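First comes the structure, then the notes that go with it.
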Protein chains: 2
Amino acid sequence: MYTIGQISEMFNIPISTLRYYDKEGLFPEMERRSGIRRFSEKEVEALRVIECLKASGLEIRDIKQFMKWCVEGPSTYSKRKDLFEKRKKAVEEEMKQLQKTMDMLKFKCWYYEKAIKDGNEDRLNQMLPDHLPKEIQKLYDSAHS
Amino acid sequence: MYTIGQISEMFNIPISTLRYYDKEGLFPEMERRSGIRRFSEKEVEALRVIECLKASGLEIRDIKQFMKWCVEGPSTYSKRKDLFEKRKKAVEEEMKQLQKTMDMLKFKCWYYEKAIKDGNEDRLNQMLPDHLPKEIQKLYDSAHS
DNA sequence: GTAATACCTAAACCTGACTTTAGGTCAAGT
DNA sequence: ACTTGACCTAAAGTCAGGTTTAGGTATTAC
């Protein structure tokens, strides 16, 4: 059993945020001893799931719904699995998007490196949009598609 | 030259958002004809960069700073390159984080698939935390590290 | 016994990124 | 001339996800 302060240190999450999560219903079964929250291993695992679902782009209210399902028992297994499958797809999309972002960033790094060498963008402007070095052209095309 | 309505369709961004970006200084050199905005190829490329920097996690005020540097000319090439290098690192971090998120999601999908088959979590609880099938154990460990 | 810590609540406040509202301009078509 | 549609502004409103504030309780250290 952990206090809110221990959990805060463990996860590097402000105490105020943990209380906010609790208020929003993300720990529906948390115990209390004379008013004080007692985080068990269950809440620790819940918090890992909260961080995962949040990182996947899910909103607090939907995480709360998931936590409710967990309390309801085996009848909600398939709803829970569905949720995770959907989050998986969302994260796959997000990663594709990030890869495009990455290509643009790499292109711009190359671009400015060359601009610094040349002292201006004249030669670069002549190469755009389709006379770039092969590997750079790939990045440019990916970022501009 | 494009109107705000054409750009809105082109990028699938609300007109109100484009006006907001302009008000925030993200198009410092945009022309006007009798009060009406005229987006040139320069602004189109700026918008691609805005979307990229936003996707990399940069705030509007910092994107504005970048756009100011662009107006200042060659003396800011290295500042601009630095910015893109930093964004690249931030996105690399973000991708690592997303990979961990993905591992947790895959683990949970496997978990609930098994829970559905079994009708309960008893066998699963016996396998946790280190008697999982080899590939699943990898996902679990990655997500819980 | 009293001081320092670590906990508690309710409610107000904050921030970033937009969006909506209310009222106005301007050019083209009928 | 007048209506329609696309543009304009300033200012207020919205929303998620917290954080801060103000006032209070409970346990341990001296």
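Reminder, nothing fancy here: chain letters follow the sequence lines and each chain counts from 1. Treat the numbers as computed from the prediction; the structure is a model and nothing was measured. Below, each value reflects all heavy atoms present in this structure, side chains not excepted, and no hydrogens, waters or symmetry copies.
The residues E51(A) and R48(A) are annotated as not salt-bridged, no charged nitrogen and carboxylate oxygen being separated by less than 4.0 angstrom.
The distance between atom CZ of R19(A) and atom P of dC8(C), rounded to the nearest whole Å, is 5 Å. Rounded to whole Å, the distance from CG on D22(B) to P on dA10(D) is 11 Å. The CZ atom of F27(B) sits 12 Å away from the P atom of dC8(D) (whole-angstrom rounding). At whole-Å resolution of the value, CG in L26(A) and C1' in dG17(D) are 11 Å apart. At whole-Å resolution of the value, CZ in R33(A) and P in dA26(D) are 15 Å apart. Separating the CE atom of M30(A) from the C1' atom of dC7(C) is a distance of 13 Å, rounded to the nearest angstrom. In this structure, I15(B) atom CD1 and dT9(D) atom P are separated by 12 Å, rounded to whole Å. If you measure from atom CG of L18(B) to atom C1' of dA6(D), you get 14 Å, rounded to the nearest angstrom.
Using modelled atom types, one finds no donor on one side chain facing an acceptor on the other under 3.5 Å when comparing H131(B) with Q137(B). Using modelled atom types, one finds a donor on one side chain and an acceptor on the other under 3.5 Å when comparing Y2(A) with E41(A).
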Contact string for nucleotides 12-28 of chain C, one letter per nucleotide 5' to 3', B = base within protein heavy-atom range under 4.0 Å, S = sugar-phosphate only, - = neither, reads ----SBBBB--------
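The aromatic rings of F84(A) and Y112(B) lie parallel to each other, with less than 30° between the two planes, well short of the 60° mark.
Distance alone, capped at 3.5 Å, is enough to place a donor-acceptor pair between the E43(A) side chain and the S40(A) backbone. Between the side chain of K100(B) and the backbone N or O of S145(B), at least one donor-acceptor pair lies under 3.5 Å. In this structure a side-chain-to-backbone donor-acceptor pair under 3.5 Å is missing from R37(B) to I4(B).
A heavy-atom distance below 4.0 Å to DNA chain D is reached by none of the residues of residues 37-52 of chain A.
Once rounded to the nearest 0.5 Å, the distance linking SG of C70(A) with CD of E121(B) reads 8.0 Å.
Applying the side chain to side chain contact (heavy atoms under 4.5 Å, CB included) test between S8(B) and each of T3(B), T17(B), L18(B) identifies L18(B) as the sole match.
Between the axis at the start and the axis at the end of the helix from dG1(C)-dC30(D) to dT30(C)-dA1(D) there is an angle of 10°, using five pairs per end and rounding to 10 degrees.
Residues Q65(B) and K68(B) meet the side-chain proximity criterion, which asks for heavy atoms closer than 4.5 Å.
Taking the six-membered ring where the residue is Trp, the centroids of Y140(A) and Y111(A) are separated by 6.0 Å or more.
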